[in-house]
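Since the structure comes first, as structure tokens, the remarks are kept for the end.
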Number of protein chains: 4
Amino acid sequence: MSGDRYDDYREDVLGRANVADTAELRDFYRDLERQHAGALWTVANKIEPWEPGSSSVPVVWRYDALRSHVLRALELVSPEKAGRRVVYLANPGRRDVTAAVGWLYSGLQVMGPGEIASAHRHSASALRFIMEGSGAFTNVDGHKMTLGRNDFVLTPNGTWHEHGVAEDGTVCIWQDGLDIPLMNALEANFYEVHPELHQATGFPIDDSTATWGNAALKPAGATWSQRYSPLLKYEWAPTYEALVRYAAVTDGSPYDGIHMDYVNPFTGGPPMATIGASMQLLRPGEHTRAHREVGSFVYQCAKGAGYSIIGGKRLDWKERDIFVVPAWMWHEHANLSERDDACLFSFHDLPTMRALGLYRAEAFADNGGHQPILG
Amino acid sequence: MSGDRYDDYREDVLGRANVADTAELRDFYRDLERQHAGALWTVANKIEPWEPGSSSVPVVWRYDALRSHVLRALELVSPEKAGRRVVYLANPGRRDVTAAVGWLYSGLQVMGPGEIASAHRHSASALRFIMEGSGAFTNVDGHKMTLGRNDFVLTPNGTWHEHGVAEDGTVCIWQDGLDIPLMNALEANFYEVHPELHQATGFPIDDSTATWGNAALKPAGATWSQRYSPLLKYEWAPTYEALVRYAAVTDGSPYDGIHMDYVNPFTGGPPMATIGASMQLLRPGEHTRAHREVGSFVYQCAKGAGYSIIGGKRLDWKERDIFVVPAWMWHEHANLSERDDACLFSFHDLPTMRALGLYRAEAFADNGGHQPILG
Amino acid sequence: MSGDRYDDYREDVLGRANVADTAELRDFYRDLERQHAGALWTVANKIEPWEPGSSSVPVVWRYDALRSHVLRALELVSPEKAGRRVVYLANPGRRDVTAAVGWLYSGLQVMGPGEIASAHRHSASALRFIMEGSGAFTNVDGHKMTLGRNDFVLTPNGTWHEHGVAEDGTVCIWQDGLDIPLMNALEANFYEVHPELHQATGFPIDDSTATWGNAALKPAGATWSQRYSPLLKYEWAPTYEALVRYAAVTDGSPYDGIHMDYVNPFTGGPPMATIGASMQLLRPGEHTRAHREVGSFVYQCAKGAGYSIIGGKRLDWKERDIFVVPAWMWHEHANLSERDDACLFSFHDLPTMRALGLYRAEAFADNGGHQPILG
Amino acid sequence: MSGDRYDDYREDVLGRANVADTAELRDFYRDLERQHAGALWTVANKIEPWEPGSSSVPVVWRYDALRSHVLRALELVSPEKAGRRVVYLANPGRRDVTAAVGWLYSGLQVMGPGEIASAHRHSASALRFIMEGSGAFTNVDGHKMTLGRNDFVLTPNGTWHEHGVAEDGTVCIWQDGLDIPLMNALEANFYEVHPELHQATGFPIDDSTATWGNAALKPAGATWSQRYSPLLKYEWAPTYEALVRYAAVTDGSPYDGIHMDYVNPFTGGPPMATIGASMQLLRPGEHTRAHREVGSFVYQCAKGAGYSIIGGKRLDWKERDIFVVPAWMWHEHANLSERDDACLFSFHDLPTMRALGLYRAEAFADNGGHQPILG
């Protein structure tokens with residue numbers, strides 16, 4: 001409540017607050033302020049909106065534009081000084097927090113051959129999606145993994161993790177995704193540097209994928225008590241193959257085409273408690289219908305080219321471009337090729353929304369399910 | 001990042017960002033800004049703090065001071081215009097949101113005899129704790145309940161609810177508790193006014209308590225698929241009796257004395273998905289040890305008098321006073337009477353923290369577990 | 001398959017086996033027998049019946065008749081020699097196993113003042129329901145409980161337990177209920193005598209009830225990882241009070257009147273993994289409608305008098321009488337008093353049926369829901 | 001209790017029943033019998049054994065011996081008359097029930113080209129493991145699947161199912177596995193013939209495998225409320241590949257080599273509520289150590305040759321042979337080849353044991369973990 005006015009949020013609707021300022025009321029409000037209090041009806045319509053309105057805006061970050069800046073970080077700062085050389089994505093609608101959309105952070109990290117970042121752990125849940133280069137690896141609680149293009153990798157909250165690129169590798173770039181903003185908002189964020197700065201490798205290379213990345217099989221009698229998946233790396237080849245197989249027997253989702261969630265094989269649930277991830281395939285020429293969801297999404301195009309209409313705004317994308325869908329905003333996707341499929345990787349906070357009982361979705365009813373494109 | 005400086009958050013610690021500004025870097029940063037991007041190392045130490053630091057501050061709202069203001073609302077605004085006549089509590093550390101602490105809203109609501117508020121529903125989970133007056137009632141999805149002093153009542157997210165006071169009742173005041181700030185932060189808040197403004201009573205009065213408020217018994221073969229408790233009212237008399245019985249067989253918690261959680265009898269879990277509530281009894285002369293938790297707490301003294309030390313600040317309280325404990329802040333409680341017990345009601349967001357795997361607690365190790373009181 | 005005939009189970013129904021014996025087939029069958037094999041069609045209709053037919057029969061054991069025999073056991077054998085002085089109930093339809101009905105064992109145990117049985121533990125889950133006498137106690141894993149009339153007590157599988165009667169008590173009789181037959185059938189029964197024959201009392205008397213027997217409250221932040229309830233004793237007074245309260249707000253079940261399940265307060269589920277228990281109140285003059293369920297039931301009349309019709313057979317009962325309902329057999333209950341309520345305690349294997357996805361129930365459709373009484 | 005003796009089960013151990021017959025006691029026992037009752041101490045040591053002793057015995061059914069009999073069924077009976085042409089396996093220790101081991105049924109089913117069995121459903125959970133032939137298919141609730149060698153297929157309880165062989169196929173043989181004996185023992189078995197005798201195919205062929213048989217991916221936002229797996233067919237090729245991949249990163253189980261459980265991809269749990277299944281690979285020359293488990297197992301050798309020692313008895317097996325391990329009986333496995341791996345498929349009742357909290361296992365401690373072979 002700023003200035004002298006307290007009745008900015010009046011609505012002339014039964015069941016909503018509709019109290020006009022008077023001198024007497026203004027005195028009352030000021031009395032309350034002195035007591036660290038206020039009158040609910042001056043803010044009720046503001047804090048109880050009819051439906052969510054995201055403070056984030058739809059944006060696309062084109063890789064063509066960003067890549068050279070990311071590479072420049074290699075020269076400008078050392079990993080020792082920078083911790084990690086990352087260009088983060090800043091949603092113009094989010095001034096107060098470092099977020100790509102909603103409470104999700106994302107950035108592009110770069111490492112050169114032979115480099116290793118120090119190991120740390122934190123309350124934030126993290127993932128990466130590999131964009132380019134060879135020889136990248138990550139080590140999560142002693143499980144070392146080799147990383148290839150379009151692989152999706154977890155570094156769950158509370159796990160020690162460190163990244164690097166082999167001596168005989170090339171410059172590598174990957175997308176980081178974390179819920180740092182959510183952890184800070186929830187006042188739940190802890191951070192630790194590994195006491196020895198680096199971890200030993202305690203298991204055979206890629207053991208997590210060999211153990212847990214098998215269709216509908218798990219080690220006999222295995223137990224697992226963590227809230228995150230024992231499978232840490234989801235490789236691209238079987239993921240793409242799964243989409244193609246599934247496409248042959250399903251009509252797909254009218255809103256998302258051939259759409260699959262990465263899961264924790266031990267529970268069938270999401271890979272981490274707060275962040276989920278999906279891969280979807282848009283068939284040649286497919287243009288989906290619009291819907292909106294409680295939850296925020298960060299997309300990366302993993303294959304092909306197309307565009308999305310988000311909140312009435314068309315954003316074109318091609319391989320490696322990143323874009324975001326704010327919460328409760330209409331969105332639909334189109335594959336621009338009539339011959340090739342297009343694949344979109346995404347991560348999102350739906351597990352958070354579902355854990356708290358907040359998820360809902362709504363279809364765009366008019367115009368055959370397609371939004372008008374706004375000026 | 002404001003002004004010309006980008007290196008405000010440097011830390012000279014291995015594994016942390018420690019990059020000094022240079023002209024070249026500043027150019028780089030400005031280039032990134034134009035692309036809705038930034039360099040992680042300029043903000044990394046800020047957004048990945050070593051541990052949470054709450055933006056809320058400890059406050060006590062004394063009922064003696066607030067009560068007359070609450071009663072004045074009766075005269076100043078009509079329920080039709082105001083929706084609800086509520087004085088909300090505003091934490092001085094939370095400028096941007098209407099919160100008593102963290103993401104929890106609280107307020108004092110007042111109604112006169114014969115008044116009924118209109119029915120609505122919303123994504124926010126709500127509770128009330130009855131402070132004074134007779135004849136109050138609430139109707140949740142057709143279940144009408146009579147409300148007495150120190151009763152704890154749910155109006156869960158998604159349920160239609162309305163409140164009122166019987167014609168032959170007296171002026172009633174109760175504390176409201178909601179997670180409105182969290183719902184807004186998560187961009188998940190929906191609101192609806194009941195199409196007929198009022199609900200019919202569809203069940204015998206107080207049926208929820210008669211059906212579900214029995215110790216270790218439930219209707220045979222009952223099913224329940226909601227995320228909230230089928231028990232909507234937790235009465236004071238059996239709650240206090242439970243604390244006294246439990247006190248006879250336990251040493252209690254070193255941090256919280258005789259401390260019990262209100263539960264959903266169908267699951268044994270918290271009454272609502274995002275908000276929990278507890279009642280604790282401090283034995284005569286008891287002074288607990290300090291600890292801190294990931295989670296925010298709103299307390300109301302239900303019986304007796306004492307004080308709490310929160311973040312090194314002593315806050316005295318007696319019956320009906322309300323105070324808050326911000327997340328990850330040391331807190332300890334003391335009963336000032338050597339003869340009578342003292343009871344503290346609280347509600348908190350621990351179910352949210354636990355659902356997301358974020359809860360942790362730490363004991364204050366020094367000085368026998370007692371904080372020094374800060375200037 | 002006995003004698004020379006292999007076609008005893010033929011059914012002239014499409015989709016069922018209907019193969020007449022021939023000399024050639026009989027040779028084939030004998031060849032198979034020599035290989036520890038057989039032809040499915042000779043037994044298919046037998047082992048895949050259209051619906052379950054229990055091998056148990058309805059029985060009532062009248063306490064007037066049984067009590068003197070139970071008391072005689074006091075003189076005839078010592079607790080040291082007998083282990084426990086128990087008269088078990090033997091369903092006439094179950095020759096091969098010691099069962100009251102289905103896979104449930106029950107017996108009447110008697111102990112005199114000052115006696116203590118030795119401690120043991122086993123895979124079978126056990127309960128008792130107190131019938132008469134004062135001063136009885138039981139000790140489960142160090143939790144000592146005093147036992148009164150109509151109290152329901154758990155001694156879950158895997159817990160050390162021992163029973164006794166105080167020096168200043170009287171002769172006590174209680175009903176034991178166990179799933180011994182099921183444990184043996186599943187080839188999962190283990191038994192151990194306590195290495196010191198007796199346990200120490202490790203907690204305040206009746207601490208489990210004071211801690212966990214409170215309506216919709218549990219110790220704050222409590223954890224519990226066992227498959228059975230942390231509440232070990234369910235007392236009669238609050239149980240009866242709950243039935244009376246619930247009766248005021250419900251029409252009750254058409255089949256079971258005012259019917260409540262004892263629950264594990266930590267989960268809201270059944271008190272033990274394999275055995276559940278219920279108490280039901282039949283209002284004055286109430287005669288319920290018949291239904292049948294997958295599951296077996298052992299009843300004891302805790303209050304009043306009436307009769308049940310089970311599989312077309314009327315069984316009259318009054319306080320302390322025990323009767324059984326075999327699986328998938330029609331049953332209905334009647335209170336013979338027009339003035340007083342009648343209460344039936346029961347234990348059953350529904351948790352087993354539900355855990356395996358097998359529970360189902362069916363209402364008796366004809367004749368207003370009432371069975372004809374068979375010759 | 002047969003004949004005149006009631007003291008057959010005496011044990012001279014403190015805490016066990018040890019009552020010698022007397023004339024007076026015998027009179028007492030006979031009095032009790034007339035009341036459908038008995039004295040617990042006459043049977044206590046029998047019904048509460050120190051540990052389980054299975055009534056089943058270890059057996060191997062060699063395919064070489066059985067196959068010709070199975071094929072003869074083709075000529076001897078028609079599918080219309082027989083319902084299904086199956087040779088069932090009868091454990092010599094189980095006289096009273098048709099069981100291969102414990103409460104598990106198994107049989108070998110044969111069908112010729114162009115044959116289709118009628119559709120039915122039942123409470124028993126069923127699976128099949130394909131042994132030989134081409135063109136076999138099964139249809140489960142409208143999901144038609146093609147079946148190949150070593151494929152593992154579910155026909156869960158309550159689902160309509162029918163089997164057949166394509167016109168251009170060959171004679172097909174598969175192993176059936178069901179829990180028919182358990183369903184009958186639990187008095188929970190229902191059976192229905194499909195009203196139209198045959199189902200339509202309602203989905204693309206093999207859609208369940210294409211949809212759910214992908215590593216760590218599921219259809220986005222999918223829901224599933226059945227107690228059994230939405231994946232109905234687990235193919236051999238990816239199963240064997242998984243074992244080989246897993247073998248590269250694990251030491252395996254000392255008791256079972258490279259050992260994986262088939263899982264329900266929606267939950268990570270067993271494929272059906274009562275029956276689980278596993279595949280294990282014994283590396284060239286591997287001889288595992290002995291252990292015993294609460295649970296019964298039916299094995300089929302899917303690849304290679306070797307032997308198992310079960311309860312001190314050596315049973316040799318090669319591809320297609322079937323053998324059983326009774327509950328709580330020591331067992332160890334050996335691969336006879338120094339060059340090739342050997343694979344054992346098994347199904348078992350561990351999900352039942354785990355659902356009821358009864359599973360336990362014990363390692364054979366002596367002799368390096370290897371049993372002496374008994375006479």
Side-chain angles (χ1 to χ4, degrees), chain A residues 143 152 203-222 224 229-231 233-235 238-239 241-253 255-269 271 276 278-280 293 346 350 354 359 361, chain D residues 143 152 203-222 224 229-231 233-235 238-239 241-253 255-269 271 276 278-280 293 346 350 354 359 361:
Chain A
H143 298 272
F152 160 56
F203 304 89
I205 304 297
D206 287 324
D207 75 309
S208 138
T209 304
T211 303
W212 289 100
N214 299 297
L217 285 165
K218 70 170 183 195
W224 180 255
S229 169
L231 175 63
K233 180 174 63 159
Y234 301 74
E235 294 178 355
T239 300
E241 186 192 332
L243 290 165
V244 171
R245 287 176 79 201
Y246 179 39
V249 299
T250 184
D251 293 333
S253 153
Y255 312 110
D256 284 300
I258 308 304
H259 191 196
M260 302 193 91
D261 287 336
Y262 294 96
V263 302
N264 172 344
F266 192 75
T267 63
S278 309
M279 183 67 81
Q280 70 199 80
E293 297 168 272
S346 61
L350 299 193
R354 290 198 164 105
Y359 180 75
Chain D
H143 298 273
F152 160 56
F203 304 90
I205 304 297
D206 286 324
D207 75 310
S208 137
T209 304
T211 304
W212 290 99
N214 299 298
L217 284 165
K218 71 170 182 195
W224 180 254
S229 169
L231 175 63
K233 180 175 64 160
Y234 301 74
E235 294 178 356
T239 300
E241 186 192 331
L243 290 166
V244 171
R245 288 175 77 201
Y246 180 38
V249 300
T250 183
D251 293 333
S253 154
Y255 313 110
D256 284 301
I258 308 304
H259 191 197
M260 302 193 92
D261 288 336
Y262 294 96
V263 302
N264 172 343
F266 192 76
T267 63
S278 309
M279 183 67 81
Q280 70 200 80
E293 298 169 272
S346 61
L350 299 193
R354 290 197 164 106
Y359 181 74

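Every chain is numbered from 1 and lettered A, B, ... according to where its sequence line falls, protein lines coming before strand lines. In this text the structure is predicted, and so the values were computed from the model without any measurement.
- With a 4.5 Å cut-off on non-hydrogen atoms, A:Phe266 touches chain D through its backbone but not through its side chain.
- In this structure, no portion of A:Ser278 lies under 4.5 Å from any heavy atom of chain D.
- For the pair A:Pro219/D:His259, no side-chain contact is recorded, criterion being any heavy-atom separation below 4.5 Å from C-beta on.
- Chosen from D:Thr250, D:Asp207, D:Leu217, the residue pairing most often with chain A at heavy-atom distances under 4.5 Å is D:Leu217.
- For A:Ser229, no part lies under 4.5 angstrom from a heavy atom of chain D.
- If you measure heavy-atom distances from A:Leu231 to chain D, the contacts under 4.5 Å come from the side chain alone.
- Each of A:Asn214, A:Val244, A:Thr209 has some count of heavy-atom pairs under 4.5 Å with chain D, and the biggest count is that of A:Asn214.
- Closest approach of D:Ser208 to D:Pro230, counting heavy atoms only: OG-O, 3.3 Å.
- Between chain A and the options D:Ile205, D:Asn264, D:Ile258, D:Thr239, the largest number of non-hydrogen pairs under 4.5 Å is found for D:Thr239.
- Between D:Tyr262 and D:Tyr234, the ring-plane angle classifies as perpendicular under the 30° and 60° cut-offs.
- Comparing D:Thr211, D:Asp206, D:Asp261, D:Val263 by heavy-atom pairs within less than 4.5 Å of chain A, the highest count is held by D:Asp261.
- Rounded to the nearest 0.5 angstrom, D:Gln280 CD and D:Met260 CE are separated by 12.5 Å.
- The candidate from D:Gly269, D:Pro238, D:Ala216, D:Gly213 with the greatest count of non-hydrogen atom pairs under 4.5 Å with chain A is D:Ala216.
- Comparing D:Ala361, D:Ala220, D:Ala215 by how many heavy-atom pairs each has under 4.5 Å with chain A, the most go to D:Ala220.
- The distance from the CZ atom of D:Phe203 to the NE2 atom of D:His143 is 3.5 Å, given to the nearest 0.5 Å.
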